[in-house]
Amino acid sequence: MQNLLHNLNPEQLAAVTLPQQSALILAGAGSGKTRVLTTRIAWLIQTGQVSPAGIMAVTFTNKAAKEMLTRLSAMLPISTRGMWIGTFHGLCNRFLRTHYRDAALPQAFQILDSQDQLSMIKRLLKANNVDDEKYPAKNLQYFINNAKDQGLRANKVEAYDPIERRMVELYELYDQQCQREGVVDFAELLLRSFELLQRNQPLREHYQARFKHILVDEFQDTNDLQYNLLKLLAGHGEQFGGALFAVGDDDQSIYAFRGANVGNMSAFEREFRVENLIKLEQNYRSHGHILDSANQLIANNSKRLGKNLRTDAGHGEPVRIYEASSDLEEAQWLIEEIKSLIADGASRSEIAILYRSNAQSRVIEHALFAAALPYTVYGGQRYFQRAEVKHAIAYLQLMDNPHNDSAFLRVVNFPTRGIGMRSIETLQAAAEQYRISLYAAVPYVSGKSGSSLGSFVKLVEGARFETQQLALPEMVRVVLEASGLLTHYGNEKEGADRIENLEQMVSAATHFVQEEGFGQGAPAHMGPRADAQAGEAILNQDGIEVFDADAPLPTVMSPLSAFLSHASLEAGDAQAQAGQDALQLMTVHSAKGLEFDAVFITGLEEGLFPHESSSRELDGVDEERRLMYVAITRAKKRLYMSFTQQRMLHGQTRYNMKSRFFDELPEPALKWMSPRVQAQWFGNKKNAWDDAKFSSAGSDNKIAQQITQKQTGPGWRIGESVEHAKFGEGVIVNIEGGGGNARAQINFGRAGMKVLDLSVAKLERLAR
DNA sequence: CAGGCTGCTATTTTT
DNA sequence: TAGCAGCCTG
């Protein structure tokens, strides 16, 4: 094996070879963070400092975990199977499966995805006659997840008003309901694990002693619960415990809205008395002008741990900025620019078009489509989220755990089998009365609905019996058939795609069985066994069920349970890749972690980016700035930014100022590609750019020609940019009245919206 | 129970 | 603008 450490720069080398102590690695964008993480694991194992079983490595996404495993197997000639490398949720699932009894969970507990969780909450609200105007299900869902993410059970949540008090009650009821059904939500996976480790000392000490090295990726994205879980595992302040190796970038913290707490970085530094703070500032991705822009922009944030990226690459090309007159024209410009990039030899998949919010993609997609440029939009429906797939999964869930009410309700009458609302309500009443699941309540309802419900139960039981001896893929096949799903979609006009998706589940199951190494032929054993062979379940001296590092989930779970976990925890790919070499369209958030030769950041307008609602949040604009920082640092060679004077949003035309972020970029690194384009006349909705000419990327120094303007007279126009002595730069949004008493409504961005008398106000036309 | 109608809402997203 | 959730009707 080659030397793992060659070609590392001094900082990377230092990080990789740190002694077993807590360490914080501040890893800038494109600084080789994943490399450091994986190389450190490989180095620790190769030098014999730790066995594979002594390592835990945590990521946020399955993609990142997979990436880590792939790179690791390329570096080390050992099997990565059974190593504790995965997402927080994946590892907690594994932990809870192993210790399900201690965690007070049924062995076949199932995982609710957000969709299931929401529908469960809706049911709960209905069952308790809660006014869903006052308590929208979404709010309660947020409330519950938020509490759990902070490690708070209902009895620990402080309520300050009657509404909150009621929410706390509902939170409690929700947890009880989950417990009855044998299901856990995402946050519960973590909270259960945390609580179990906290209350069970031998168990805790076992894992603390085992994991000598805990490595965490994207540490800036951890929430409070995740940090506390890590603290517990690392044995913070306790006798045992390994070293926590945290890698993160506070400048790329863009998930505060879902509970991430950047403060965990400084808390970690303080609480673990981190002496090893290493900054990876050498960037291997972007050219100089791009990096300068990122650095100067992010310098506007206070509360940074402090970091400045540098590169050995030259300045490269300037950052090109384009001002469009409308969103349509912005898209048109985009296309011209992309065409010339492609003509110059760029490959489409190396070009990304970024936007702040999904709604912005529509106009761009239209234009790309019209121009016959192939593209892929990130973030579509995931495979396991599709309705038909969820239906099939629900049947499988019922076979594995019939008390899952969400699954029950999803398919009890799908395909329709004459079980209507009334039967369900009767059943729900019975279930409520005895506090049991719907499935268990079926024998308690009589009459016609009782018998149709009874046959549904028989259907599920029959499918379970029939598939007992079958391997997972065959089991899936049988269920698709027996459930009537295939027949149902076969009779539907648009059913072909759905059937194809269902068929795909068989191959997904095949793939899963192979990937996860479920025994060929022999059904996996249910539950840990004291008489286990090497690589299977073992007991430690405290009688705690513990698994050897070589024992992956199959030992603890049936293939079906494992497959269902997989379906919840890995929603699958979003959308088949349309065309091999396609332009990449995505939000800035989903671009995190990716890189492209050329990047377009579009819609850089006040209100959009930074988004208007960010100004209402604490440190909201700072987070938007970090988002912009992420966007900029995606680009390797060429970066474009664009904004427009006029944009259609929610069916209304809006006039926004250019983003404040432009003022925070280094002028020498920029190149303004267009003169300030004259606004269109009010009411002239036809494309003003019909006869416009555009600059091309191929001819760097040409400035875009001004759009032909059919101006007929003086006076102010809507959309025009103005400068006011006191309020600064603004955009005319509306004009009322005429002649001497015309008044203009002007959007001054940060200074707000003002209505000014045009004959009085001292306004200057702003032209570039 | 399907299909149509109205009304509402509208960052960002992973697990 | 557009997508969807919830309601009503045939």
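Here is the naming used below: chain letters follow the sequence lines, and residue numbers restart at 1 for every chain. Any value given below was found using the heavy atoms of this structure, including those in side chains, with hydrogens, waters and symmetry copies removed. Quick caveat, the model's predicted, so the values are computed rather than measured.
- The side chain to side chain contact (heavy atoms under 4.5 Å, CB included) test applied to A:Ala64 returns A:Thr59, A:Thr61, A:Asp217, not counting sequence neighbours.
- Every salt bridge (Lys or Arg N to Asp or Glu O under 4.0 Å) that A:Asp175 has, sequence neighbours left out, goes to A:Lys148, A:Arg153.
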*asked:* How would you summarise protein contacts on nucleotides 7-15 of chain B per nucleotide, using B for base, S for sugar-phosphate only and - for none, with heavy-atom distances below 4.0 Å?
replied: ---BBBBBB
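- Residues in residues 221-230 of chain A take part in these salt bridge (Lys or Arg N to Asp or Glu O under 4.0 Å) pairs, two or more places apart or across chains: A:Asp221-A:Lys592.
- Scanning for side chain to side chain contact (heavy atoms under 4.5 Å, CB included) contacts around A:Asn62 gives A:Thr87, A:Glu570, with sequence neighbours left out.
- By the salt bridge (Lys or Arg N to Asp or Glu O under 4.0 Å) test, A:Lys231 pairs with A:Glu271, sequence neighbours left out.
- Considering only residues two or more places apart in sequence or on other chains, A:Asn413 meets the side chain to side chain contact (heavy atoms under 4.5 Å, CB included) condition with A:Thr416, A:Arg417, A:Ile419.
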Which atoms of nucleotides 2-7 of chain C (N or O only) lie under 3.5 Å from a protein N or O atom, and what are those distances?
| residue | atom | partner | partner atom | Å |
| --- | --- | --- | --- | --- |
| C:dA2 | OP1 | A:Arg362 | NE | 3.4 |

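- Using a 30° and 60° split on the angle between ring planes, A:Phe95 and A:Tyr207 fall in the perpendicular class, above 60°.
- Considering only residues two or more places apart in sequence or on other chains, A:Thr70 meets the side chain to side chain contact (heavy atoms under 4.5 Å, CB included) condition with none of them.
- When the C1' atom is compared between B:dT12 and C:dA5, the two are found 23 Å apart, to the nearest whole Å.
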